[in-house]
Every structure is written in structure tokens, then in C-alpha cells.
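The figures here come from the full heavy-atom set of this structure, side chains too, leaving out hydrogens, waters and symmetry mates. Every chain is numbered from 1, with letters handed out A, B, ... down the list of sequences.
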Amino acid sequence: MTVTAYSFTGLSLRIATEAIAQTVTDWYDTNARDLPWRQPDASPWSVLVSEVMLQQTQVSRVEPAWHRWMERWPTPAHLAADPPGEAIRAWDRLGYPRRALRLHACATAIVERHDGEVPDDVDALLALPGIGMYTARAVAAFAFRQRHPVVDTNVRRVVARVVEGAADGGAATTPADLRAVEVLLPDDHEAAARASVAFMELGAMICTARAPRCAACPLTTVCAWRLAGSPPADGPSRRTQRYHGTDRYVRGLMMAVLRASDEPVPLGRLDEVWPDAQQRQRALDGLLADGLVRRRGAMVTLPG
DNA sequence: TACTCGTGGCG
DNA sequence: TCGCCAAGAGT
């Protein structure tokens, strides 16, 4: 049975899509990873922190950092009471340290606007620093058990393959992606929240980008991409991202120096990280503009 | 829209 | 080995 085979009426399409969500949820119930932010007693704040850390960073690297973070800053008020530089330092090597700065600003905004409680509606979440279309819905669904399409790269890929028969999700088109996922969600809010995390888990563990484990997939007999013979992606391959030697790389070197020091660092220390003076200047200017670094005369520090 | 923004795991 | 990719957000 395929979705398309049932799509000659709206009613039967509805039945087929609900079967997909139920199948994936059943799979999730026995195959999901035991991640701490998925525990029933995980606080909304701890869920929010996990979602920000997981933006472009793998679970294996996030988990230890998340434990340390939650022990030190169990509520938004705890984080807001410390300087943003401490958040950047604790972020360690998770990457994209602007996320740490925004998470600190997010905690401050939660204290100021929401009396220290993580808001439970998508619009209020969207208004917080560092919380975008994905994270707002993820927090609403996973922390507050609401029914929202939660569309990350995993879900986009699963839907592209199972429903559309494509190898990948192609370019992100947020409104269309939200609609495509919305029709797959059960009406019940708790069931929808479970289906949302189940779709993500399937994309992360089975329906992966490079070597999908279709033999272990609960949707293998239904998947449009599989039934079409798993054709390769047709669009242009995405531009390859290099890293070593880029401005981003030099920024990373400078941030590592600052994280390692409890005291202001002489500018000369940053000159030692990379030979190209022009590139160093660009990197430092960028860090200053982002607010990740403060300059006081010939010294630089993390923001106090 | 397309680009920038870290760091590391993995096939 | 090395290029792809990773629970995106902001501009």
C-alpha cells in the first residue's frame, strides 16, 4: 500500500497518513534513544536548552554539555544572573558560540517578559532571541505537549522520501513544509507531540542522509522513494563548505583562547593564532560586532 | 534568497 | 583520507 494508491479521496488519504504517524510512533516506543531531555519530568527550560544546543550539533556532543549546563543553571533566572561570558565559556566547543550568547539573552528575556517561566505558545517563543521557526515549535510540542508541525532537517527528509518519493528535502520552504507535516499529525495533541519526536528520531537513526537503513525502517513497504527504487537526488548538489583557513576557523581559534582564560587577554595573544593579519582583523571585528568579545584598550575579554 | 556562523563524527 | 553533514537562526 502506498499513500498515492489511497489518495483518490481525501478520506482515504487521511487514513493512510494517520497510519504513517501511528506506525512511526509505535516504532519510536520501542526504539527511541533514552535522552535526558525526553524524560517526562524534564522542565520546559531544559527542553529549550537542549533544542538550542542541538541546532546543527550532534546529540553525542550535546549530551554532556547539557548535563553540566542544567546543573549550573537549572532555571532561566540562574543563567540570567550570570554574565553572558560565562555562558560562552560553558558552551565550550559545541560550535556557533553566538547560540550561547543568544541563549543567555533568551534567559534574560524570559525573566523580564515571562516572570522567569518559559512561555508555552509559539508566538511568544518565536519572539525570544535564538528561537526560530523550528525551535519554537519543538519547545511547544515537546515541553508543553502541543500539536504543532515540528520541521527540522530530519523531518523534511523523511517526508520528502516517504510522501514525495524524493531523495532529500531540497531547499527549505517553510510554509509548505509546515503544511506537509501538519497533515501527517494525529488530531490528539499528545499523540501529535509523540509523532513529531518520532518522525525526528526516524530521520536521525534510520532515514539518514547518507546511508539510510531502509531494512530496519517501519515504513519501508510504504515509502514512495523506496518504491520508486531509491532514485538519487536530482537537484544541484549543495555547495561544499570548507572550514580550515576560513574566517570562521580563525574566529574559532580566537574564541578558544578567550574561553581558556579567566582574565583579559592581550591582543598580542590573538595575533599568535593565525599568520594572516588581515584575516585576523576581519575575525576579531566580526567577534566584536557579534558581542562575543569585548575590547578594553589592548586587552580583550569575553563579555561580562 | 542566499549567505554567514564552529566543531567534530562518520562513511 | 576527506568531503558531507549535523534537532537552525539571523540578516
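Rounded to a whole angstrom, the distance from the P atom of C/dA7 to that of B/dC3 is 23 Å.
Comparing A/A211 and A/Q58 by the nucleotide of DNA chain B that holds the closest heavy atom to each, the one mapping nearer the 5' end is A/Q58. Summary of the strand contacts: A/R210 and A/A204 both lie near DNA chain C, and taking for each the nucleotide with the nearest heavy atom, the more 5' one is attributed to A/R210.
Remark: side-chain polar atoms of A/T208 are not paired, donor with acceptor, to backbone N or O of A/M205 under 3.5 angstrom. Between the side chain of A/R145 and the backbone N or O of A/F142, at least one donor-acceptor pair lies under 3.5 Å. A donor-acceptor pair under 3.5 Å is formed between the side chain of A/T25 and the backbone N or O of A/A21. Put simply, the side chain of A/R72 never gets that close to the backbone of A/L79: no donor and acceptor are under 3.5 Å apart.
No engagement by A/M255 is indicated, since no non-hydrogen atom pair under 4.0 Å with the nucleic acid exists. Heavy atoms of A/L94 sit under 4.0 angstrom from at least one base atom. Contacts of A/L35 with the nucleic acid, taken as non-hydrogen atoms under 4.0 Å apart, include base atoms. Counting non-hydrogen atoms under 4.0 angstrom, A/R93 reaches the backbone sugars and phosphates but no base. A/R156 comes within contact range of no nucleotide atom at all, as no heavy-atom separation falls under 4.0 Å. Counting non-hydrogen atoms under 4.0 angstrom, A/W37 reaches a base of the nucleic acid. A/S50 comes within contact range of no nucleotide atom at all, as no heavy-atom separation falls under 4.0 Å. Note on A/G132: only backbone sugar-phosphate atoms sit closer than 4.0 angstrom, heavy atoms only; bases stay farther off. Using a 4.0 Å heavy-atom criterion, one finds that A/A138 contacts no nucleic acid atom at all.
Between the side chain of A/T57 and the base of B/dG6 there is at least one donor-acceptor pair of N/O atoms closer than 3.5 Å. No hydrogens or angles were tested; on distance alone, a donor-acceptor pair under 3.5 Å links the side chain of A/R98 to the base of B/dC5. One N or O donor and one acceptor, one from the side chain of A/R61 and one from the base of B/dT7, sit under 3.5 Å apart.
For A/L287 and B/dC5, the CG to P distance is 9 Å, given to the nearest whole Å. Between the OH atom of A/Y249 and the P atom of B/dC5 there is a distance of 16 Å, rounded to whole Å. Counting to the nearest Å, the C1' atom of C/dA9 and the CD atom of A/Q56 are 9 Å from each other. As rounded to whole Å, 15 Å separates atom C1' of C/dA7 from atom CH2 of A/W66. Atom C1' of nucleotide B/dT7 and atom CG of A/L54 are separated by 14 Å, given to the nearest angstrom. Between the CZ atom of A/R282 and the P atom of B/dT4 there is a distance of 11 Å, rounded to whole Å. Between the CH2 atom of A/W91 and the P atom of C/dA9 there is a distance of 12 Å, given to the nearest Å. Separating the CZ atom of A/R99 from the C1' atom of C/dG8 is a distance of 8 Å, rounded to the nearest angstrom.
Contact annotation: A/T208 does not reach the phosphate of C/dC5 (side-chain N/O to OP1 or OP2, under 4.0 Å). Contact between the side-chain N/O atoms of A/R259 and the OP1/OP2 oxygens of B/dT7 is found at a separation under 4.0 Å. A/Y243 has a side-chain polar atom (N or O) that falls below the 4.0 Å cut-off from OP1 or OP2 of B/dT7.
For A/Y249 and A/W274, the ring centers sit closer than 6.0 Å to each other. A ring-centre distance under 6.0 Å is not found for A/W73 and A/W45.
Candidate nucleotides C/dG8, B/dG9, C/dA6 were compared by shortest atom distance to the side chain of A/D152, and C/dG8 ranks first. Closest approach to the A/T153 side chain among B/dC5, B/dG8, C/dA7 is made by C/dA7 (side chain taken as heavy atoms from C-beta onward). You'll find that the side chain of A/R157 is closest to C/dA6, out of C/dA7, C/dA6, B/dC5.
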Inset, instruction - Please step through salt bridge (charged side-chain N to carboxylate O under 4.0 Å, His left out) for the pair A/E201 and A/R38, ending with a clear verdict. - result: CA-CA 12 Å; A/E201 187 77 347; A/R38 289 178 178 168; 2.5 Å; yes
